[in-house]
Amino acid sequence: MQRLHERRILVTGATAGIGEATARALTAEGARVVLAARRKERLDALTNELANSTAVELDVRDAAACERVLAKLDLDGAVLNAGLGRGMGSIQDGNVDEWNEMLDTNVKGLLHTLHAVLPPMVARGRGDLVLLGSVAGRQVYPGGNVYCATKHAVRAIYESLRLDLAGKRIRVTTVDPGMVLTDFSVVRFRGDQERAAKVYENMTPLAPSDVADAIVFALTRPPHVNVGEIVLWPTDQASTTIVTRRK
Ligand code: NDP
Ligand code: 8X3
């Protein structure tokens, strides 16, 4: 029995990491997945591989493109996962372009996506939203300032959605992972593989499939159950600043 049989679910940021793992897991549960991201060749490879999947090339920072591409999709659910970190350091030494990229993607991109996908769900009186927050939306850490601020904003948007959508039969979930082994740190450190690898050195991070499992759990509860907040830590991570590294 495939628990998401024929449900049409959008996954933003589906070309890598958590989004890709989620697209795979949802497809395995019978969902018709719509993959969204910027890298067309990766979208093409995934739609060729995953049964019942389609793709839209989309930069979530582009509000007009989100409306044009997403508003017409007849969605049962959306996993709002597209996001990134850029750099690590103090605010006084910060790079304004990197701040804008994080804010435009993680906060405004999330809002653009919600603005496009929500009206048909509200009209139909049914829909599921899963936001990708982070433990960085619950705690800060040295050098994390603006990235952490974007994830605190995701948490505020999650809480706001619960109020705005009260009584409309739309379920809202935030999934907030700790360290997950994806391209996240490679992107954050602009391709510096050595620096990225150090983040996960001598500890066992979550795998993208661990996060996908949590998303599938939330989406497969019966309609009267709304899983609100899922916080997933690696066993080796006690907080955003305390990580056990085993030599
Ligand atoms: P990856 O770098 O592996 O994947 C990021 C995905 O986001 C890619 O598919 C990328 O696709 C997409 N993306 C980035 N910018 C845009 C954009 N402007 N428009 C559309 N898609 C975009 O990172 P993760 O899988 O780790 O990150 C996914 C989410 O999980 C993020 O929101 C991140 O903040 C969050 N997270 C990650 C954690 C971790 O430790 N890895 C922990 C907690 C939360 P493309 O480049 O093709 O557009
Ligand atoms: C991304 C992971 O290390 O910034 O949210 O908490 S981390």
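Counting starts at 1 for both ligands and their atoms, in listed order.
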- prompt: Between Lys198 and Glu194, is there a side-chain N and carboxylate O pair less than 4.0 Å apart?
  reply: no
field: Proximal protein residues to ligand 2, non-hydrogen atoms under 4.0 angstrom
entry: Ser134, Val135, Ala136, Tyr141, Tyr147, Phe184, Arg188
message: Other residues, nucleotides and ligands only: do more than 12 of their heavy atoms fall within 6.0 Å of CZ on Arg169?
response: no
query: For Leu219 and Thr173, what are the C-alpha separation, side-chain angles and deciding distance, and is it a side-chain contact (heavy atoms from CB on, under 4.5 Å)?
result: CA-CA 9 Å; Leu219 290 172; Thr173 304; over 6 Å; no
task: State plainly whether the residues Arg7 and Glu29 are in salt-bridge range, i.e. N to O under 4.0 Å.
output: no
message: Could you check whether Arg86 and Asn95, counting side-chain N and O atoms only, form a donor-acceptor pair closer than 3.5 Å?
response: no
task: List for me each residue that meets salt bridge (charged side-chain N to carboxylate O under 4.0 Å, His left out) alongside Arg138, sequence neighbours excluded, and say none if there are none.
output: Asp176, Glu229
query: Considering residues at least two apart in sequence or located in another chain, which fulfil the salt bridge (charged side-chain N to carboxylate O under 4.0 Å, His left out) criterion with Arg8?
result: none
field: Residues lining ligand 1 [heavy-atom distance under 4.0 Å, listed by chain and residue number]
entry: Gly13, Ala14, Thr15, Ala16, Gly17, Ile18, Ala37, Arg38, Arg39, Leu58, Asp59, Val60, Arg61, Asn81, Ala82, Gly83, Thr105, Leu132, Gly133, Ser134, Tyr147, Lys151, Pro177, Gly178, Met179, Val180, Thr182, Asp183, Phe184, Val187
Single-linkage hydrophobic cluster, 4.5 Å side-chain cutoff, Tyr147 and Met88 together: yes
- prompt: CD of Glu201: more than 12 outside heavy atoms within 6.0 angstrom?
  reply: yes
